[in-house]
Every structure is written in structure tokens, then in C-alpha cells.
Protein chains: 2
Amino acid sequence: MELLKERIQRDGKIKEGNVLKVDSFLNHQMDVRLFHEIGKEFKRRFEGEKINKILTIEASGIGIACVAAEVFGVPVVFAKKTQTKNIAGDVYTTKVESFTHGRVYDIIVAKEFLGEGDSVLIIDDFLANGKALEGLSRLVKLSGAELAGAGVVIEKGFQTGGDLIRSRGIHLESLAIVESMDEKTGEIVFREQS
Amino acid sequence: MELLKERIQRDGKIKEGNVLKVDSFLNHQMDVRLFHEIGKEFKRRFEGEKINKILTIEASGIGIACVAAEVFGVPVVFAKKTQTKNIAGDVYTTKVESFTHGRVYDIIVAKEFLGEGDSVLIIDDFLANGKALEGLSRLVKLSGAELAGAGVVIEKGFQTGGDLIRSRGIHLESLAIVESMDEKTGEIVFREQS
């Protein structure tokens with residue numbers, strides 16, 4: 001998606017440890033006009049898929065998912081992150097390992113909002129090691145719903161998440177895949193996508 | 001807002017301890033078509049106000065804020081909740097007391113996304129004791145931005161938050177004000193609004 005790549009080039013900041021900061025338009029301040037274009041692009045890439053629900057995870061996925069959901073004309077469900085020990089029986093839950101925060105947390109979705117008959121598109125802002133996306137797809141499977149695919153805004157192509165998700169046979173669409181970044185020169189190279 | 005009140009009557013569930021569960025359409029599963037109508041209603045109620053940014057707080061405020069922001073044609077900034085001890089100097093921060101979770105947390109906004117020249121509308125899903133809204137308005141003040149007003153979807157009129165925020169001279173618009181709820185009969189009474 002050219003508009004997105006241009007925006008990453010212009011406003012993204014490369015930080016130590018292969019961190020790409022895009023918080024001026026994606027995940028702290030949020031450019032909802034760009035989100036609308038992102039939603040349209042997801043709609044185009046998943047054309048023909050029967051999708052009746054979008055699933056995302058708090059917090060920064062919610063804005064993109066909601067604006068995209070308007071384009072799809074479907075509701076959003078967001079998985080909640082929790083460290084609560086005792087989780088009631090009326091939720092689907094799975095564990096996700098966070099490298100950023102160095103801990104394991106539970107993600108949960110109420111059973112009444114996901115289940116058989118649902119055809120789900122997962123949407124998230126970032127794909128790096130793929131743990132969050134894997135967790136979300138486990139929730140979909142647990143619920144008996146069908147996973148139509150996963151759409152992410154930025155994939156870090158030099159990390160293993162994209163390969164992992166694709167190897168599971170999941171239809172993954174990443175709107176921009178960063179192949180490499182150079183903290184010193186500020187150069188960002190994107191993977192060519194057909 | 002009649003559409004919203006009807007939805008609360010139909011799908012809201014009253015739980016012990018004056019809890020109003022609206023997670024089938026507002027804050028777990030999210031009906032983005034309703035959010036669009038909510039955005040239009042906020043736009044109508046803040047007509048004439050110069051608003052160039054919407055501020056909300058993670059997680060459940062983000063979806064409503066983003067869909068409303070499309071109606072306003074402005075970006076969203078969301079305050080992050082954190083328990084991190086050491087916060088870098090490039091953020092505005094204030095403490096917020098959570099009654100639900102029985103703890104105090106910090107909320108932060110990066111300085112680069114809020115400041116002089118901004119005219120800010122705060123949006124959140126719920127107003128109960130008003131602590132979150134107070135915290136957000138403190139962040140606006142700290143930043144030197146102007147607070148155009150605050151829009152909430154559901155105000156619990158029997159708690160003190162609404163009076164607190166109005167007594168501070170803040171232009172508060174609540175789309176539905178719950179005056180009383182009865183767990184046994186399921187009856188919800190709304191405040192008459194002109």
C-alpha cells in the first residue's frame with residue numbers, strides 16, 4: 001500500500017533494537033483518514049471472503065479495527081489482556097508471550113461474542129514475532145468460528161512472525177512489510193509485493 | 001440520544017453493585033454503525049466548537065473516539081495507562097484512581113501530540129465517578145491545549161462524576177444519563193435531557 005509506505009518513510013522513526021516508532025499516526029496519535037484508506041485496502045485484499053466479524057486485541061489495534069469494520073459493515077470484538085488469575089468460565093482464553101514486556105499474559109474473549117457460524121478477520125497494527133496473532137487465531141479456533149484471514153498494517157519482515165503465520169495456512173495480508181531498517185541512515189526498505 | 005437509550009434498554013444488563021453491562025455493543029463487542037451515529041450526535045452537540053483533536057483513554061474509549069473522529073475530520077490521541085515507575089520526560093502524566101480495580105495508575109500522553117494551539121474534545125465510553133475524565137482534562141491543561149469539552153456515551157447519573165465535571169465548568173455532553181437501575185426488574189430510568 002503506497003500511501004502507507006510513504007507515510008512510514010516520512011513519519012516513522014527508527015530506534016535502537018529494531019524498533020519502528022509510528023506513534024504519530026498509527027498507535028498513539030491516530031490518523032483516522034489513513035485508517036479509512038487502510039480499511040478499504042483490507043476490504044480489497046479480502047474481497048470474496050465471507051467476513052461477519054473483525055477480531056482485534058487491545059489497545060492499539062482497536063482504532064484500526066473499528067474504522068476498517070465500518071468499511072466491511074461488521075462489528076468488532078477486541079480480546080482483552082489480563083493478568084487475572086481466576087477467569088470465569090464464560091470466556092475463551094489463551095496465553096500470549098510478550099517479548100516487549102518480558103511476560104506472559106492471558107487474552108480473553110467472552111464466549112457470547114465469538115462462535116460457530118462466525119467468519120472472522122483478525123486485524124492488528126503490528127506483526128513481529130507473531131505471538132499476538134497466533135493467540136488470536138487460537139481464540140478463533142477454540143470458539144468454533146472460522147478464520148477468514150489476518151490483516152496487519154505493518155509486518156516486520158526480518159522477524160519470524162510472518163513466516164510462522166503463513167506456515168499455518170492462514171491468509172495473511174500485510175499492507176507494508178519492512179525488510180530492513182537502518183537506525184543510522186534512517187533508511188527503511190520495504191519488501192516488494194505484487 | 002433515543003437510538004442509544006433504546007439499545008441500552010434492549011441489550012444492557014444490570015449486574016450486582018450498580019454495574020451496567022453493555023459489552024455486546026459498546027466495550028467488548030463494538031457496533032461501529034452505532035458508533036457512527038454516536039459520532040454524529042457528538043458533532044451536533046459540539047457544533048460551533050473549534051475542535052482539532054480528540055483525546056481518549058485506552059482501551060474501550062478508542063473505538064468510539066476513532067469512529068467519531070472520522071465525523072469530525074480530526075486525529076485521535078489516546079492516553080496510555082501505565083504502572084511503570086520511571087516515565088521519560090517527554091510525556092505529560094497524571095495519576096488516576098480506579099475504583100473498579102482498586103488501584104492508582106498513571107496515564108500518559110507524549111508531549112509531541114498535545115500542546116498549545118490544540119483545541120481538544122475528550123471522548124470516553126463511561127462516566128461514573130469522573131476520575132478518568134478528570135485525569136484526561138488535567139493532561140490537556142498540563143499540555144497548554146484548550147479543552148473544548150467532554151463527550152461521554154453513558155453517564156451514571158446516580159454517581160458523582162457528572163456533577164464533578166460540570167462544576168469545573170467543563171462543557172460535558174452525555175448521550176444517555178442513567179438515573180437509576182433495578183437489578184431485579186431490569187428497569188433502567190434515564191434522565192430527561194433537553
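What you see is a predicted model, and the numbers here were worked out from it, not measured in a lab.
For residues 56-68 of chain A, the interface with chain B (any heavy-atom pair closer than 4.5 Å) comprises A:E58, A:A59, A:S60, A:I62, A:G63, A:C66, A:V67, sorted by residue number. Residues of residues 129-152 of chain A lying under 4.5 angstrom from chain B, judged on non-hydrogen atoms, do not exist. Residues of residues 13-27 of chain A that come within less than 4.5 angstrom of chain B, heavy atom to heavy atom, are A:K13, A:D23, A:S24, A:N27 in numerical order. Listed by sequence position, the residues of residues 170-190 of chain B in contact with chain A number zero, using a 4.5 angstrom heavy-atom cutoff.
One finds the CD atom of A:Q29 at 8.0 Å from the CD atom of B:E112 (value rounded to the nearest 0.5 Å).
A chain of hydrophobic side-chain contacts below 4.5 Å, direct or via other Ile, Leu, Val, Met, Phe, Trp or Tyr residues, connects A:Y92 to A:L55. Under the 4.5 Å side-chain heavy-atom criterion for Ile, Leu, Val, Met, Phe, Trp and Tyr, A:V74 and A:F46 are members of the same hydrophobic cluster. Linking ILVMFWY residues whenever their side-chain heavy atoms come closer than 4.5 Å, directly or via other members, leaves A:V109 and A:I51 in distinct clusters. Under a hydrophobic-cluster definition in which Ile, Leu, Val, Met, Phe, Trp and Tyr are linked whenever side-chain heavy atoms come within less than 4.5 Å, directly or via other members, B:I165 and B:V120 are assigned to the same cluster. Residues A:I123 and A:F35 share a hydrophobic cluster, clusters being chains of Ile/Leu/Val/Met/Phe/Trp/Tyr side chains in contact below 4.5 Å.
For A:R33, the CZ atom counts as loosely surrounded, since its 6.0 Å shell holds 12 or fewer non-hydrogen atoms of other residues, nucleotides or ligands. With a 6.0 Å radius and a threshold of 12 heavy atoms from other residues, nucleotides or ligands, A:R166 has its CZ atom above the threshold.
For A:V32 against B:V76, the heavy-atom pair with the smallest separation is CG1-CG2, 4.2 Å.
Remark: side-chain polar atoms of A:H28 are paired, donor with acceptor, to backbone N or O of B:A110 under 3.5 angstrom.
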